[in-house]
2 protein chains.
Amino acid sequence: MHLMSRWDPEVSRSVEDYLKAIYTLQESGGAVRTSTLAERMGVAAPSATSMVARLAAGGFLRHTPYRGVELTEKGSRIALEIIRHHRLWEAFLHHALDVPIDQLNEEAERLEHVLSDELEAHMVRVLGDPTHDPHGDPIPSADGTVDSAVYPNVTDLPDGASATVRRVPSEDPALLRYLKTLGLLPGASIVLRRREPFHGPLTLTADGVERVIGRELAGQILVEPGSPPELPRAHPAKQRRRRG
Amino acid sequence: MHLMSRWDPEVSRSVEDYLKAIYTLQESGGAVRTSTLAERMGVAAPSATSMVARLAAGGFLRHTPYRGVELTEKGSRIALEIIRHHRLWEAFLHHALDVPIDQLNEEAERLEHVLSDELEAHMVRVLGDPTHDPHGDPIPSADGTVDSAVYPNVTDLPDGASATVRRVPSEDPALLRYLKTLGLLPGASIVLRRREPFHGPLTLTADGVERVIGRELAGQILVEPGSPPELPRAHPAKQRRRRG
DNA sequence: TTGGTAATTTAGTTGAGACTAAACATAGCG
DNA sequence: CGCTATGTTTAGTCTCAACTAAATTACCAA
Ligand SMILES: [Mn+2]
Ligand SMILES: [Mn+2]
Ligand SMILES: [Mn+2]
Ligand SMILES: [Mn+2]
């Protein structure tokens, strides 16, 4: 095999970050405009235009001038590889170094560009082929498929419903620290007690502890509805569960 | 505090690698010449000259034209920080991922440029403040001091002497794989049995197994003489090596 | 003392990736 | 239907880090 090596030397750190940004912007709404891309990358618009031209020349995307940009198969493949690297690093740093969940994104943002196939294989072995990172984001498989499961958020739950937290926003450290103090990280069992009218706050229990949170925050916490397996009297201790 | 941040944005990956190279070349013989540096970095001589000019302008080294180069305090500090990063990554990858000893150097060569203070602190905690990496290379301390202990090599031992392997060359994967099959990695207990005349091979036991190795290889294996402590009362207590 | 050789530096070029200023397209509105 | 605001691209510049070719220096041997 190996006719088309992934290691075009043209794929620099910068190119990787652009492709990843385009991929995620594409996921949350159609054609990606220059201004959106420039803002996300923290560069001026002409810088984005010029990078787009290079990426188009390299076959990573198609560019319709003044309209927007769309990744090719080749571009998506690389974007997914970087996202896989990012989330594997997050999972590994959390597992092996106990790096707090709010610092994972920043570290992985640099490390994602530095993960050899060999190191990746070691991580996968040690982590037991993980499917999700500590934020609950799905880890793309090595062949480029992603779990596209869509979860409801806390505001979607009916009053009194039980659920398990499955995914939280990953890029806001302050928010993540707050969620940690509330015990509202992936794996937590919650019960939605009530919601105040007029868009008011929600009351819920997280692993048995009662908490009050705002609507907007609740809308960002994705959950899997259903009671946790009420097996024998288990302590709802702080054990971390892994799922398959 | 924080008047002089380490994060001059002028310290790029490339600058870090040059400073590290100059530091290690400086250790193994006086003034560093342009050609030596260029060869080590795998670049043409004019590229080295031009980088040297920039490093001199940044206060990282002093350059005597046509003569050579010498790191300043500022330059040495950064070189030692990168070397610390390199060896910490090696120790960590070996510990947490069981990365084979012959692959550590290549991985650390990239990762050394991507180690935040926070991540470094986590590693130090998990590894228990390690003083040496898996090759036996000393890890510079955070404040820039290095254990400069000098060990004899296997050829320096008298016949019949016992010793413990302390340090092996770290940059040659094939050599490291060979040493691993021989059981001649740091920590191994050896006894030098005999040496053949006319610069012939040496016979020794490594953790009890008899091996024959060439003179040249033996000269690259650094050891600490003395019987291992497992033998009762073989020798009076040996004192720790002091540093300079 | 001088001339040849090897090492080093200078000069000039390239490409990546950023920037600002200016030109240009698109779409919304009168 | 055309004007204008907004967004996008073009044009030109900058720095970093590499290159080749040419000039310069150091050193050594005759
Ligand atoms: Mn990144
Ligand atoms: Mn994540
Ligand atoms: Mn390096
Ligand atoms: Mn080492």
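Sequence lines set the chain letters: A, B, ... in the order given, protein chains first and strands last, and positions in each chain run from 1. Model, not experiment: these values are computed from the prediction.
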Take atom [atom1] of [X] and atom [atom2] of [N], then tell me their distance rounded to the nearest Å.
X: Phe60(B); N: dC16(D); atom1: CZ; atom2: P; answer: 11 Å
X: Met51(A); N: dG15(C); atom1: CE; atom2: P; answer: 16 Å
X: Met41(B); N: dC16(D); atom1: CE; atom2: C1'; answer: 14 Å
X: Glu39(A); N: dT8(D); atom1: CD; atom2: P; answer: 11 Å
X: Leu55(A); N: dA18(C); atom1: CG; atom2: P; answer: 11 Å
X: Glu16(B); N: dA17(D); atom1: CD; atom2: P; answer: 11 Å
X: Leu37(B); N: dA17(D); atom1: CG; atom2: C1'; answer: 14 Å

It should be established whether [X] places a side-chain nitrogen or oxygen under 4.0 Å from OP1 or OP2 of nucleotide [N].
X: Ser12(B); N: dC16(D); answer: no
X: Ser35(B); N: dA6(C); answer: no
X: His63(A); N: dT8(D); answer: no
X: Arg33(B); N: dT8(C); answer: yes
X: Arg67(A); N: dA27(C); answer: yes
X: Tyr66(A); N: dA23(C); answer: no
X: Thr49(B); N: dT9(C); answer: yes
X: Ser50(B); N: dA18(D); answer: no
X: Ser14(B); N: dC16(D); answer: no

* To do: Could you tell me whether the side chain of Arg215(A) and the main chain of Gly200(A) form a donor-acceptor pair under 3.5 Å?
  =>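 Yes: the side chain of Arg215(A) pairs with the backbone of Gly200(A).
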* To do: Spell out, as yes or no, whether a donor-acceptor pair under 3.5 Å connects the side chain of Thr72(A) to the backbone of Gly59(A).
  => yes
* Would you indicate which nucleotide in dA18(D), dC19(C), dT9(D) comes nearest to any side-chain atom of Ala44(A)? => dC19(C)
* Closest to the Ser47(A) side chain, choosing from dA18(C), dC16(D), dA18(D) ->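 Looking only at heavy atoms from C-beta outward on Ser47(A), the closest nucleotide is dA18(C).
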* Determine the minimum heavy-atom distance between Ser47(B) and Tyr18(B), stating which atoms define it. =>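 That closest heavy-atom pairing would be O-OH, 4.1 Å.
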* Is it true that Glu120(B) and Arg125(B) make a salt bridge, defined as a side-chain N closer than 4.0 Å to a carboxylate O? -> no
* State, without any angle test, whether His113(B) and Asp17(B) hold a side-chain donor-acceptor pair at a distance under 3.5 Å. => yes
* Asked: On DNA chain C, nearest-nucleotide positions of Pro46(A) versus Val15(A): which is more 5'?
  ->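 So the residue in question is Val15(A).
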* To do: Could you say whether Gly42(A) or Val52(B) is positioned toward the 5' end of DNA chain C, judged by the nucleotide with the nearest heavy atom to each?
  =>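 Looking at DNA chain C, the more 5' nearest nucleotide goes with Val52(B).
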